[in-house]
**Student:** 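Provided herewith is a single structure, encoded as structure tokens, for subsequent inquiry.
If you're wondering where the values come from, they're calculated on a predicted model, not measured in any experiment.
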Amino acid sequence: MSPHSKPHPSMPAPRRPVLRRERFYQLQRDSLVEDKALVHYAIDPGELMDYCFPLGPKTPSTVSRGLDQIADDQLSLYKVFESHSTKPVLLPVYADEFRSVERIVRSGIANAADQSQQLAQVLKDPRLTVVPIEAHAELLRKVEDNFSLLLAVFNGIQLIGANRFMDVARRRLIELDDPSLRELWALSESYSPSNDITAIRDKTVQYMLSIDNKHVQDKEYLETTVERDVLAIDHLAFLNRALASQPVTARSPRRLVLYVSSARRTRFMFRQEQLLDLFPRVDGEVFSFYRSREDIFVQMVSGFDHGSQGFVADVFERLAKGGRCDDCPLRIDTNEVKEIDCQWLNFCRSFTVKEGAIENLGLYRAISDYWSAKESRPKNPTQAAYIEFFRNLMKQGKVTAAVVGRRITLTRFLLTTQSEFVLGNDRKSAGPKPIPLRENRDEITSVDLYLPIAPRLTDVQYRRSFDSIIQYYHSSPLLTWNDWGAFEKSYRDYLDIDADDGGKSLEHEIIFCLLYLAFPRNEGDEEAWELAQSKLEISGGWRTEFEYLLVWIDRRRRHFEQAYDRASEAIVNYRGDPRFFHGRGLANFAWYTEPEGRDSWQRKGLSGQQAIQDVARAIELYHPEDSEIQKRLVAAARCNVAYFCVFDRSTAWGVYDVGRGRREIDLLKDMLPEDAWYPLYPEYYAAEAWVCFEEWLVCAPPAVKRANAVEAISKSDAAICKAWRLFPKTSFEVLMRRLIAEGEKLGLKLESQTLLGVR
């Protein structure tokens with residue numbers, strides 16, 4: 001928002017903060033107190049919703065504030081949620097309301113995604129340019145009814161807001177994190193609400209009923225909301241009185257917890273004289289712990305650099321008039337430095353800088369675009385007019401209907417995964433629990449085999465996006481928020497390219513498939529399959545890459561026979577490509593380990609020997625000296641062969657070769673020493689454990705000495721427990737229980753027993 005910008009003619013008139021003069025003086029004194037104190041902001045969850053969804057959480061159909069007012073609010077709330085020295089506090093009384101807000105965010109995003117995907121599908125229909133289609137009549141009605149919502153999605157408002165909500169919820173928002181604050185809060189809860197606060201509650205309910213008929217219709221909700229707010233205020237008053245009474249030293253500064261809320265009911269409560277008796281006294285004077293957005297905005301732009309009341313009064317008048325004078329040099333776009341004798345120049349320059357900071361808030365820019373587009377809504381509400389409107393909107397954004405639809409799908413997956421961390425965990429716990437990163441597909445979970453990590457990319461910008469995805473997967477077998485940040489980076493990098501490319505490059509489509517496959521949730525596999533399958537009609541080298549992706553995707557979708565046959569056909573066409581030999585060997589093994597697929601595997605006439613031969617051939621064809629990727633794939637393949645040789649002695653699998661298993665493990669260690677396996681390669685520890693265990697069994701106990709048996713069992717147990725601690729996989733548990741049984745015969749107490757809780 002430049003200093004000389006003018007509001008859109010249809011927008012409500014801009015409104016600068018309106019504060020009573022006495023409140024302005026109070027803020028001046030408060031700021032002096034805050035300079036010497038450690039201040040926390042305690043927020044009403046409604047402030048977070050307005051920060052993330054300033055046009056409304058679900059449908060921004062009615063906007064009652066101008067862009068200037070939204071900008072002021074955004075800047076104030078940015079300080080509260082992002083730039084303040086301490087993190088914003090979620091008070092215990094608002095925990096249930098916060099969870100309700102989370103549900104609103106989820107349902108709002110799902111609703112927006114559903115309707116936007118429908119619209120994107122229709123926009124892809126080439127027949128719409130010829131004649132209207134009756135089948136889309138229902139969609140037209142939805143577009144008319146939900147125009148503002150769809151427009152917000154297409155302008156990125158819902159996406160930015162949802163991402164912002166999740167980010168604040170996981171990274172910034174905290175409960176009372178200091179033990180002394182929690183203790184004081186618990187103490188305040190042990191007291192009954194004061195008579196004064198009860199009277200304020202009743203007066204507030206009556207006031208709200210008198211000013212808005214909607215409260216009359218939902219009086220029970222109003223009473224619950226007001227009750228929650230007065231409890232928060234009562235507890236905070238107690239908390240701040242206790243904090244204000246504590247001795248202040250250089251090593252132990254004063255602490256204060258300010259209450260941030262711009263709700264009308266809150267303003268009314270803090271205007272009641274009874275509340276003054278509950279305020280703390282700081283340096284002998286009453287201190288208000290209430291802050292509205294206007295308070296924070298005024299403090300930010302004024303700075304209160306001068307202590308005189310006269311100057312503060314002038315600042316108040318200046319803000320009330322809207323800031324700078326018409327002839328102020330700060331209003332003129334020029335590099336020329338003008339000398340001017342004006343006492344307001346530094347203040348207004350600070351004001352300009354603060355306003356300029358809004359330009360860095362992506363949500364504000366998206367709202368600005370939304371508002372402009374909203375004004376050009378078709379005056380003739382026909383299907384053709386709406387279709388043309390949204391097509392033009394996408395052209396302006398340099399994206400196609402297909403890309404819009406895919407972005408929405410990917411974003412929905414992104415938010416769902418974020419929800420598993422932020423919304424699916426108890427906020428009172430130590431933190432979001434990690435979720436398994438390589439589960440719920442097939443038996444292949446190795447970090448270098450879970451994704452198809454060897455696509456042949458030539459464009460530097462796509463190689464960068466690919467590297468971000470691989471970095472994300474090369475973090476930990478259990479996904480945490482620290483790791484998730486790497487995926488978000490790759491997602492944002494991709495969208496930056498997407499805006500210019502729009503899906504024209506085939507490398508662009510390969511990266512899009514990998515983004516889908518990188519989601520912990522299985523829905524991404526289906527989207528990746530649809531996209532890769534649609535590219536098989538192309539010819540030349542790029543067809544090879546999509547066939548490679550599909551071999552991996554089919555196996556992950558548990559379509560083992562399709563993966564095996566697709567790899568077999570590719571081997572005929574591309575004899576020198578190791579990826580298809582490796583893919584077929586993995587499909588063979590995964591098919592066998594699937595209990596429901598064993599019969600069809602046997603009818604196909606497959607064997608473990610064939611799986612080993614395919615993977616061994618891949619090892620011969622890989623070139624580990626050429627790249628780090630190829631080196632990692634050879635190491636993974638050697639682990640595959642070692643495990644295939646020892647994990648099943650049944651005649652159905654048809655392979656049992658402990659000696660070869662040991663040789664492959666030794667070759668693996670030559671490439672990647674055992675001390676480099678942690679923490680990325682639990683499967684390598686597991687393969688080592690299986691080989692150790694089977695080596696001991698081959699020696700036919702009790703012919704061997706007990707000391708040798710103890711050493712072998714203990715070594716195998718140590719390796720499999722390392723694997724289990726990194727990634728508690730079912731196949732690891734199988735070996736752990738076998739070790740426990742053998743250890744009991746030898747009187748051994750193994751770590752596996754402790755990890756599995758076996759007595």
**Student:** Let me confirm one number: the CD1-NE2 distance from Ile197 to His235, rounded to the nearest 0.5 Å.
**Tutor:** 10.0 Å
**Student:** Which atom names give the shortest non-hydrogen contact between Phe287 and Leu258, and what distance separates them?
**Tutor:** CE2-CD2, 3.7 Å
**Student:** Do Val226 and Met269 have side chains that get closer than 4.5 Å, going by heavy atoms?
**Tutor:** yes
**Student:** Report yes if some heavy atom in the side chain of Leu181 is under 4.5 Å from a heavy atom in the side chain of Leu243; otherwise report no.
**Tutor:** yes
**Student:** Look up atom CG in Asp96 and atom OG1 in Thr224, then write down how far apart they are to the nearest 0.5 Å.
**Tutor:** 11.5 Å
**Student:** For Arg556 and Arg441, indicate whether the former's side chain and the latter's backbone hold a donor-acceptor pair under 3.5 Å.
**Tutor:** no
**Student:** I need the Tyr290 OH to Ser262 OG distance, nearest 0.5 Å.
**Tutor:** 5.5 Å
**Student:** Could you tell me whether the side chains of Thr198 and Asn195 share a donor-acceptor contact shorter than 3.5 Å?
**Tutor:** no
**Student:** Got a sec: does the CD of Glu526 have more than 12 other heavy atoms crowding it under 6.0 Å?
**Tutor:** yes
**Student:** Where do Asp229 and Tyr94 land on the side chain to side chain contact (heavy atoms under 4.5 Å, CB included) test, with the steps shown first?
**Tutor:** CA-CA 9 Å; Asp229 288 347; Tyr94 289 123; 2.6 Å; yes
**Student:** Looking at side-chain heavy atoms only, is the closest gap between Val89 and Tyr259 below 4.5 Å?
**Tutor:** no
**Student:** Return the minimal non-hydrogen interatomic distance between Phe270 and Ile233, and the atom names on each side.
**Tutor:** CE1-CD1, 3.5 Å
**Student:** Any side-chain heavy-atom pair from Thr225 and Met208 closer than 4.5 angstrom?
**Tutor:** no
**Student:** If you look at every heavy atom in Leu531 and Phe512, which pair is closest and at what distance?
**Tutor:** CD2-CD2, 3.5 Å
**Student:** Under a 4.5 Å cut-off applied to non-hydrogen side-chain atoms, are Pro45 and Leu90 in contact?
**Tutor:** yes
**Student:** Give a yes or no on whether a salt bridge exists between Arg291 and Glu47, defined as a side-chain N under 4.0 angstrom from a carboxylate O.
**Tutor:** no
**Student:** Taking 4.0 angstrom as the limit, do Asp50 and Arg293 come out as a salt bridge?
**Tutor:** yes
**Student:** Could you check if a side-chain atom of Val93 sits within less than 4.5 angstrom of a side-chain atom of Trp185, using non-hydrogen atoms only?
**Tutor:** yes
**Student:** So do Phe289 and Leu239 actually touch side chain to side chain, heavy atoms under 4.5 Å?
**Tutor:** no
**Student:** Could you give the distance from NE2 (His40) to OG (Ser85), rounded to the nearest 0.5 Å?
**Tutor:** 8.5 Å
